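Since the structure comes first, as structure tokens, the remarks are kept for the end.
Every value quoted in this text rests on a predicted model; they were computed, and no experiment measured them. Chain naming here is simple, since letters A, B, ... match the order of the sequence lines and numbering starts at 1 in each.
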Amino acid sequence: KGSLWYLRYPIEGSPGEFIIVATTRPETMLGDTAVAVHPDHPVYGPLIGKRAILPLVGRSIPIVGDTYADPEKGTGAVKITPAHDFNDFEVGRRHDLPMPSVLDRQANVTLDEIADVLAALPGVADPDFVRTLAGQSRFAARSAIVAELERLELLEKIEPHTNQVPHGDRGGVPVEPLLTTQWYCNAGVLAKPAIEAVETGKTVFVPKQWENTFFAWMRDIQPWCISRQLWWGHRIPAWYGPDGTVFVAKDPDGAAAQARDHYGRDEPLVQDEDVLDTWFSSALWPFSTLGWPENTKEVTRYYPGDVLVTGFDIIFFWVARMMMMGLHMMGDVPFRTVYIHGLVRDERGQKMSKSRGNVIDPLELIDSYGADALRFTICALTGPGRDVKLGASRVQDYRGFVTKLWNAARFCEMNGMQPDPTFDPGAVTLPLSRWLLAETNAAILDATNALEAYRLDEYAAAGYRFVWNTFCDWFLEFAKPLLAEGANPADAAEIRGVGAYVLGQILRLLHPAIPFVTEELWDRFGYGEPCSLIGTAWPAPVAVPGAEQARAELDWVVRLITLVRSVRAEMNVPPSKPSPILLQGASTESIGRVDRWIEAIRRLARASDVSALTTDVPKGSAQAVLDETTIVLPLEGLIDIAAERARLAKERDKLAADAKKTAQKLENADFVSRAPEEVVAENRDRLEAALAEIARLQAALDRLGN
RNA sequence: GGGCGCGUAGCUCAGCGGUAGAGCAUCGCCUUCACACGGCGGGGGUCACAGGUUCAAUCCCUGUCGCGCCCACCA
């Protein structure tokens, strides 16, 4: 929040007439060298060509016409201080104005460059006053100048004004534009090939939307100031002769040769003390690290690179500049793909900052949860083009997964699942083996596709799901009876083989995200030479005979077990009270499946026995529908019949509501005629299945009586 | 002022034309011989709002509101 000061500048040769300028920075008026007005301005336009007297200083300055002056802003006339304002600088260049600096490097007033123009004009300018300003801070000078103008009745008015002023991120004080001599790079020339390379797909951004950001910057690129007043960095390759003539060359010898040509003899040269902008040097990184400018083996082999992984905040600074430099110096793009990820932020989404104190120290997270947990967490949370909100609790969550993997492997070890180099996945015979291998194939495809699409989150999720939900929750549980004492030794051997094989595939699949634990397990199980996991081939799907049949069967068994568990839990039947499972109306296929999986069903569904129901449904039974079969759990005395009735009715009503919607859809002639056949067929099947299940549920309800 | 992105379950986020998903959190049951950093089961969403396109919209289009960021401006 500041003020807008309206200053009266007397018009030369017209006593008593003023041109009024509005300014937020009255202290810079010492350096004014013109007043600009819009050529079409109704009041001030005619003044173009006349001159004004700069108050306090007494200098005569031109009133120039320039479209930069906005008739709508301030008074429509604007004071021009070329040395301390970017726009004024441009106006100054257009009108060939002097550009005296009136602030020094400490942003204190300096009169060095205007000392010889100070003039005494009674009532307007007083060199003695101006000289008191020398060395004062810009803030003190502002107060003094405003007071003096007020005393001289050259201050029209003051209005409150809010504007945005850039502040330095270190000192926190307003930044002061200052005229200095710097080296520039003609970035416009370099930008063209870089823009073309992205337009033609020679370099691709992932996600693609970032190409817009790249184009926006590149198509409006400004001359690049490449000199910095620092001591660390590549030094500016420019040398000065005794008379200040500059020689730009690759090295001192080149500069000396140029100087010899220029002077006709050798002259001592002094190199510019400035260094290159760090981003200029960084722009060379893709090839300077490979030994450039020598044509090394590494340059040949590794330029251009494959993928650049970086954050969006650095597209302008680094990516764009590497593109420009690579194309200019090497004649080819520096990388084929630019993978742009989000920023890691704190748990509340705030950008990390030392001063805010919300910096997450990865070493602390590693100490608490492990490097693998941290790595997997970031992997899992990295959505496309999205920032990652990271906090200890998120890492803690995924540590559970790493532990799960470790414990699963421990179980495998305890059950003798040792890797066997002669194991042939195509030769397995058990449905469980075939099912597991088919699921493994699917997981490998999911993970591979995700990685190829740079979807690290999907890759992590695919691994998570497969290990936890498929391998641990179902495979290992189904395997337990087959590995138990007294089980068929041949079956047990096959399960051990397939388990060890799939664990090996899991370790390979997860190694990029969980490097330490997978390597440890790889070594511990002896899958290969110690520390060889990193060099092992990426897993590929294998042919699995009878996969479809095995998947259909296991899928059915899983659904049966889940259904029974669900009914028991909802009816509050404690695990300590197993019950028989009776199947009513089961097909011979279903009966066969039950026979083959009897041990697993007993164990996982808390069943005392499983058999086909040949008599009436026993009194007090819970019931559920699985395809053509009605599952009957005789639990008389253990369940509340009213609750069971309510549960079945709820199921029936939910299905009925769905069926109604589907039926309505199918009654819509437009839908049937315009929707794709598959979709119509799918809806017909859905309706049919729903109606059949409703009928079975209703029958179950009827059996319960009142 | 210009541009980009985001608003989906309590939280963090996927999905992006065919009847809403995950993880965590929550609730209930379970100290079952890999794992309580665990197992099983449940509840929870008019997919920001308003129009439009379509047989069908969380998904496409237009607009509105809210949030974040980038660039420009800074009399």
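- Closest to the A:P575 side chain, of the nucleotides B:C29, B:A75, B:G18, is B:C29.
- Heavy atoms of other residues, nucleotides or ligands lying less than 6.0 angstrom from CZ of A:F317 number 12 at most.
- The aromatic rings of A:F205 and A:F214 sit tilted, their planes meeting at an angle between 30° and 60°.
- If you take OH of A:Y398 and C1' of B:G38, they are 18 Å apart, rounded to a whole angstrom.
- For the OP1/OP2 pair of B:C29 and a distance below 4.0 Å, the side-chain nitrogens and oxygens of A:R568 include no atom meeting the criterion.
- In terms of phosphate contacts, A:T403 brings no side-chain nitrogen or oxygen within less than 4.0 Å of OP1 or OP2 of B:G38.
- Spacing between atom CZ of A:F312 and atom P of B:G5 amounts to 13 Å, rounded to whole angstrom units.
- Distances from the side chain of A:K650 to the nucleotides B:G28, B:G43, B:G18 place B:G43 closest.
- A:N572 places its CG atom 18 Å from the P atom of B:C40, with the value rounded to the nearest Å.
- Looking at the side chain of A:H161, the nearest of the listed nucleotides B:A75, B:C40, B:C24 is B:A75.
- Separation of atoms NZ (A:K404) and CG (A:D473) is listed at 5.5 Å; rounding is to 0.5 Å.
- Residue contacts for A:Y464: at a heavy-atom cut-off of 4.0 Å it reaches the sugar-phosphate backbone alone, with no base atom in range.
- Distance check on atom C1': B:G17 versus B:C47 gives 14 Å, rounded to whole Å.
- Look at CG on A:D670: it is 8 Å from P on B:A56, rounded to the nearest Å.
- A:R686 comes within 4.0 angstrom of a base, heavy atoms only.
- Within the nucleic acid shown, A:F316 comes within 4.0 Å of sugar-phosphate atoms alone, with no base atom in reach, counting heavy atoms only.
- Nearest-nucleotide positions on RNA chain B for A:R606 and A:A569 put A:R606 closer to the 5' end.
- The number of heavy atoms from other shown groups lying within 6.0 Å of CZ (A:R219) is above 12.
- Each of A:D387 and A:Q209 was matched to the nucleotide of RNA chain B holding its nearest heavy atom; the match closer to the 5' end belongs to A:Q209.
- Interface remark: the A:E477 side chain does form a donor-acceptor pair with the B:A34 base, using a distance-only criterion of under 3.5 Å.
- The A:F671 side chain lies nearest to B:G18 when the options are B:G41, B:G18, B:U19.
- Among the heavy atoms of the strands, none lies under 4.0 Å from A:A216.
- Between B:G15, B:U12, B:G18, one nucleotide has an atom nearer to the side chain of A:K389 than all others, and that is B:U12.
- For B:C40, the paired nucleotide is B:G28, the pair qualifying as Watson-Crick or G-U wobble because both relevant distances are below 3.5 Å.
- Taking atom CZ of residue A:F214 and atom P of nucleotide B:C71, one finds them 16 Å apart after rounding to whole Å.
- Counting non-hydrogen atoms under 4.0 angstrom, A:W468 reaches the backbone sugars and phosphates but no base.
- Across all strands shown, B:G1 forms a Watson-Crick or G-U wobble pair with B:C71, both key distances being under 3.5 Å.
- Taking 4.0 Å as the cut-off between side-chain N and carboxylate O, A:K654 and A:E651 do not count as a salt-bridged pair.
- Here the side chain of A:D658 is nearest to one of B:U19, B:C35, B:G15, namely B:U19.
- Note: CG (A:L604) to P (B:U32) measures 15 Å, nearest angstrom.
- Across all strands, A:A77 comes closer than 4.0 Å to base atoms (heavy-atom distances).
- Base engagement by A:R399 is indicated by at least one non-hydrogen atom pair under 4.0 Å involving a base atom.
- The separation between A:D397 atom CG and B:U12 atom P is 14 Å, rounded to whole Å.
- Residue A:T24 has its side chain nearest to B:A75 when only B:G41, B:A75, B:U19 are considered.
- Of the possible donor and acceptor atoms, one in the side chain of A:H84 sits under 3.5 Å from a partner among the backbone N and O of A:V102.
- Looking at heavy-atom distances under 4.0 Å, A:V679 makes contact with a base.
- Distance A:W210 CH2 to B:C6 C1': 12 Å, rounded to the nearest Å.
- A cation-pi arrangement is present between A:R321 and A:W224 under the rule of less than 6.0 angstrom and at most 45 degrees off the ring axis.
- Considering only side-chain N and O atoms, A:K480 lies under 4.0 angstrom from the phosphate OP1 or OP2 of B:A34.
- Across all strands shown, B:C47 forms no Watson-Crick or G-U wobble pair with both distances under 3.5 Å.
- With a cut-off of 3.5 Å on both Watson-Crick or G-U wobble distances, the partner of B:G21 is given as B:C13.
- With values rounded to the nearest 0.5 angstrom, A:D609 atom CG is found 10.5 Å from A:I601 atom CD1.
- In this structure, A:L4 reaches the sugar-phosphate backbone alone: every heavy-atom distance under 4.0 Å involves primed, P, OP1 or OP2 atoms, never a base.
- Residue A:D85 is out of contact with every strand shown, counting any heavy-atom pair closer than 4.0 Å.
- Residue A:K404 places its side chain closer to B:A34 than to any other of B:G28, B:A34, B:G15.
- Among the protein residues, A:A69 comes within range of the nucleic acid bases, having at least one heavy atom under 4.0 Å from a base atom.
- Nucleic acid contact for A:R455: sugar-phosphate only, since backbone atoms but no base atoms lie under 4.0 Å from a heavy atom of the residue.
- Base-pair partner of B:U58: not found among the strands shown (Watson-Crick or G-U wobble, both distances under 3.5 Å).
- Picking from B:C73, B:C71, B:C35 the nucleotide with the shortest atom distance to the side chain of A:K73 gives B:C73.
- Among the nucleotides B:G38, B:U19, B:A14, the one closest to any side-chain atom of A:K661 is B:U19.
- For A:R386 and B:G68, the shortest distance from a side-chain N or O to OP1 or OP2 is not below 4.0 Å.
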Practice task
Decide salt bridge (charged side-chain N to carboxylate O under 4.0 Å, His left out) for A:R410 and A:E413; before the verdict, give the C-alpha distance in whole Å, the side-chain angles of both, and the deciding distance to 0.1 Å.
Solution key: CA-CA 5 Å; A:R410 200 152 66 93; A:E413 192 175 27; over 6 Å; no
